[in-house]
Amino acid sequence: MTLATRLKYLAGVALFAVVCQGVHAEESIDEGERRAQHAGAELVGKPAPAAVLQTIDGERIDLAQLYGKKPVYLKFWATWCVPCRQQMPGFEEVQQTLGDDIQVIAVNTGFSDDIESVRAYRQALGLSMPIVVDDGSLAAAFNLRVTPQHVLIGRDGRIAHVGHLDDAQLHAALQRVLDVGTATVAASPNEQADAGRRFNVGDQVEGVQLAMLEGAAVSLGQASGKPRALVFFAPWCESYLAESRPQTSQACLRVRQDVDRLAAQSGVEWFGISSGLWTSKQDLQDYKASTNTQLPLALDEGDALFRAFGVRDIPSVVLLDAQGRVAQVLKPQDTHLAEALDSISAR
């Protein structure tokens, strides 16, 4: 089968899949495509980063070494993501059909996921492409806003396509990057894509500002005289993950209820920090209205604060003491929020 024939076959499979999803599914997925295209608008045409990736099998993939030799297809996904699972057979078909001509890499977001779930997912779906678990740096470099999010990098090392749907547009972009012959490689950025400071327990928090949903700005680098609690979450956690990740969904509900109860008490300043994945300011406003939470909210659009505090799981609560130092980090499984607050309030 020639390359052109293989591409036509894959495009036909993609079109059939979109038709079979039905009108309601298509309407919901189109919102993902809109968000992905908006996120990719500032990336398309620019040099892709020279990142070095480590697969879950220990393989090292140097993207810079691929530029000039073959195109690259990165697919960001998560085990809890429903459209990701729906698209995976088509993604595997691309690997099987075009894997010699394009470097296919499955990039698990590492967001509320774990390596055991990733390995089980690979086995269940029979995936054969390299799989990488992101620490947040690739998500930052490629402006991740939805899952799945496709990124095509041309042979010249420039970003050629960013999208969400497995549709005719994606496969037309695949054909374009495969049709281009030898090209001059664009200079990749040398700087670390995600080189911001990290705060660990005991560190003084400096240079961090929250842009609150109501418009105010709060500096976390200034000692407030009170402990502060930073609640890292996503507004879709309780509802969307109820079936695909019920334990996480229940943890998000428990933490929200605990926070609303504890926030009514004086002595602690509370801030809710939402991931920007699948979340806009309007989504956050809707969440506030539907839950009637009194927690002051901020949107971490590019997840920079999530990375600064090393948060990869939702819900997580970072506690700062009255001097602005990181005192404790509570994970989703931790159920002693009240006791932890008492501990730092007593200092």
Side-chain angles (χ1 to χ4, degrees), residues 28 32 56 75-88 106-125 127 131-136 139 144-149 201 229-263 270-279 283-284 286-288 290-293 295 297 299-300 303 305-307 309-319 328-341 343:
S28 64
I56 61 174
K75 181 189 182 83
F76 287 87
W77 61 283
T79 64
W80 42 259
C81 165
V82 174
C84 296
R85 181 175 285 268
Q86 293 170 340
Q87 289 187 20
M88 275 302 178
V107 182
N108 180 272
T109 64
F111 188 84
S112 275
D113 237 329
D114 56 75
I115 189 65
E116 292 79 12
S117 298
V118 171
R119 292 188 186 279
Y121 190 96
R122 174 174 67 174
Q123 182 174 359
L125 276 71
L127 304 180
I131 296 177
V132 171
V133 177
D134 187 26
D135 63 358
L144 182 66
R145 290 295 181 272
V146 295
T147 53
Q149 185 162 305
V201 172
L230 313 180
V231 183
F232 289 85
F233 76 107
W236 41 263
C237 176
E238 295 176 37
S239 55
Y240 184 79
L241 297 184
E243 292 188 12
S244 61
R245 193 62 65 84
Q247 287 185 330
T248 302
S249 172
Q250 291 164 13
C252 286
L253 173 61
R254 168 177 51 79
V255 168
R256 175 172 63 82
Q257 292 174 337
D258 286 348
V259 167
D260 282 341
R261 173 174 54 84
L262 293 168
W270 292 87
F271 302 98
I273 302 174
S274 170
S275 167
L277 188 63
W278 277 111
T279 305
D283 295 325
L284 212 52
D286 293 343
Y287 169 83
K288 190 173 182 67
S290 65
T291 62
N292 199 32
T293 181
L295 183 67
L297 301 180
L299 177 61
D300 186 16
D303 282 6
L305 293 175
F306 273 71
R307 293 188 295 276
F309 288 97
V311 175
R312 301 301 297 153
D313 297 302
I314 53 172
S316 290
V317 181
V318 176
L319 301 179
Q328 195 171 345
V329 179
L330 279 67
K331 301 293 187 180
Q333 67 272 17
D334 295 328
T335 58
H336 57 281
L337 177 58
E339 293 83 352
L341 287 172
S343 174

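Counting begins at 1 with the first residue of the sequence.
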Trainee: Looking at every heavy atom in both A340 and Q328, which two are closest together, and how far apart are they?
Mentor: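 Nearest pair, atom of A340 first, then Q328: CB-OE1, 3.6 Å.
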
Trainee: Report, as yes or no, whether the 6.0 Å neighbourhood of atom CD on E243 holds more than 12 heavy atoms from other residues, nucleotides or ligands.
Mentor: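 At most 12 heavy atoms, drawn from other residues, nucleotides or ligands, come within 6.0 Å of this atom.
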
Trainee: Over all heavy atoms of both residues, which pair between T248 and C237 is shortest? Give the atoms and the distance, please.
Mentor: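 T248 and C237 have their closest heavy atoms at O-SG, 3.5 Å.
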
Trainee: So, R85 side chain and C81 main chain: donor-acceptor pair closer than 3.5 Å or not?
Mentor: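 No, the answer is negative, given that no donor and acceptor are paired below the 3.5 Å cut-off.
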
Trainee: D283: which residues meet the side chain to side chain contact (heavy atoms under 4.5 Å, CB included) condition with it, sequence neighbours left out?
Mentor: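 Counting only residues at least two positions away or on another chain, D283 forms a side chain to side chain contact (heavy atoms under 4.5 Å, CB included) with R35, T279, S280.
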
Trainee: Counting only heavy atoms not in Q247, do more than 12 sit closer than 6.0 Å to its CD atom?
Mentor: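 Open: at most 12 neighbouring heavy atoms sit under 6.0 Å from CD of Q247.
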
Trainee: With a 4.5 Å limit on heavy-atom distance, are the side chains of T147 and F111 in contact?
Mentor: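 Answer no - side chains too far apart.
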
Trainee: Would you name the heavy atoms of L341 and A229 that are closest together and state the gap between them?
Mentor: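 Closest approach of L341 to A229: CD2-CB, 4.5 Å.
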
Trainee: Can you tell me how far the CG atom of D260 sits from the CG atom of N292, to the nearest 0.5 Å?
Mentor: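 Between atom CG of D260 and atom CG of N292 there are 8.0 Å.
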
Trainee: What residues form a side chain to side chain contact (heavy atoms under 4.5 Å, CB included) with L253, not counting sequence neighbours?
Mentor: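 Side chain to side chain contact (heavy atoms under 4.5 Å, CB included) list for L253, sorted by chain: E238, R256, Q257.
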
Trainee: Given V118 and W77, is the side-chain contact (heavy atoms from CB on, under 4.5 Å) satisfied, shown in steps?
Mentor: CA-CA 10 Å; V118 171; W77 61 283; 4.1 Å; yes

Trainee: Please identify which of these residues, L297, V259, I273, V255, meets the side chain to side chain contact (heavy atoms under 4.5 Å, CB included) condition with F233.
Mentor: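 Only one option passes, and that is L297.
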
Trainee: To check you understand the geometry: which heavy-atom pair defines the closest contact between F306 and D300, and what is its length?
Mentor: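 Where F306 meets D300 most closely, the heavy atoms are N-OD2, 3.0 Å.
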
Trainee: With heavy-atom distances below 4.5 Å as the criterion, would you say the side chains of F309 and L230 are in contact?
Mentor: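 Yes; the side chains approach each other to less than 4.5 Å.
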
Trainee: Determine whether the aromatic ring centres of Y287 and W236 lie less than 6.0 Å apart.
Mentor: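 No - the distance between ring centres of Y287 and W236 does not fall below the 6.0 Å cut-off.
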
Trainee: Within the 3.5 Å criterion, strictly below it, is a donor on Q87 or K75 matched to an acceptor on the partner's side chain?
Mentor: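 Yes, a side-chain donor-acceptor pair sits under 3.5 Å.
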
Trainee: For W80 and S112, test the side chains for any donor-to-acceptor distance below 3.5 angstrom and give the result as yes or no.
Mentor: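 Per modelled atom types, W80 and S112 side chains form no pair under 3.5 Å.
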
Trainee: Sequence neighbours excluded, which residues qualify as side chain to side chain contact (heavy atoms under 4.5 Å, CB included) partners of I115?
Mentor: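 Residues passing side chain to side chain contact (heavy atoms under 4.5 Å, CB included) with I115: I56, R119, V133.
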
Trainee: Using residues 312-319 as the side-chain source, report each donor-acceptor pair under 3.5 Å to any protein atom, sequence neighbours left out, with the distance given to one decimal.
Mentor:
unit_1	atom_1	unit_2	atom_2	d
R312	NH2	T109	O	2.5
S316	OG	D313	O	2.7

Trainee: Quick one: salt bridge (Lys or Arg N to Asp or Glu O under 4.0 Å) partners of D113, sequence neighbours excluded?
Mentor: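 Testing D113 for salt bridge (Lys or Arg N to Asp or Glu O under 4.0 Å), a comparison that skips the adjacent residues, returns R245.
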
Trainee: Listed by chain and number, what are the side chain to side chain contact (heavy atoms under 4.5 Å, CB included) partners of R254, not counting sequence neighbours?
Mentor: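 Once residues adjacent in sequence are excluded, the partners of R254 under the side chain to side chain contact (heavy atoms under 4.5 Å, CB included) criterion are A251, D258, T335.
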
Trainee: Is a side-chain donor or acceptor of N108 paired with a backbone partner of G110 at a separation under 3.5 angstrom?
Mentor: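 Present.
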
Trainee: Could you pull out the closest heavy-atom pair between R122 and I131, with the gap in Å?
Mentor: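 In this case the closest contact between R122 and I131 is CD-CD1, 3.6 Å.
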
Trainee: Check whether any side-chain heavy atom of W270 lies under 4.5 Å from a side-chain heavy atom of L262, and answer yes or no.
Mentor: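 They are in side-chain contact.
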
Trainee: Indicate yes or no: at least one non-hydrogen side-chain atom of T79 is less than 4.5 angstrom from one of Y121.
Mentor: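 Contact flag for T79/Y121 side chains = yes.
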
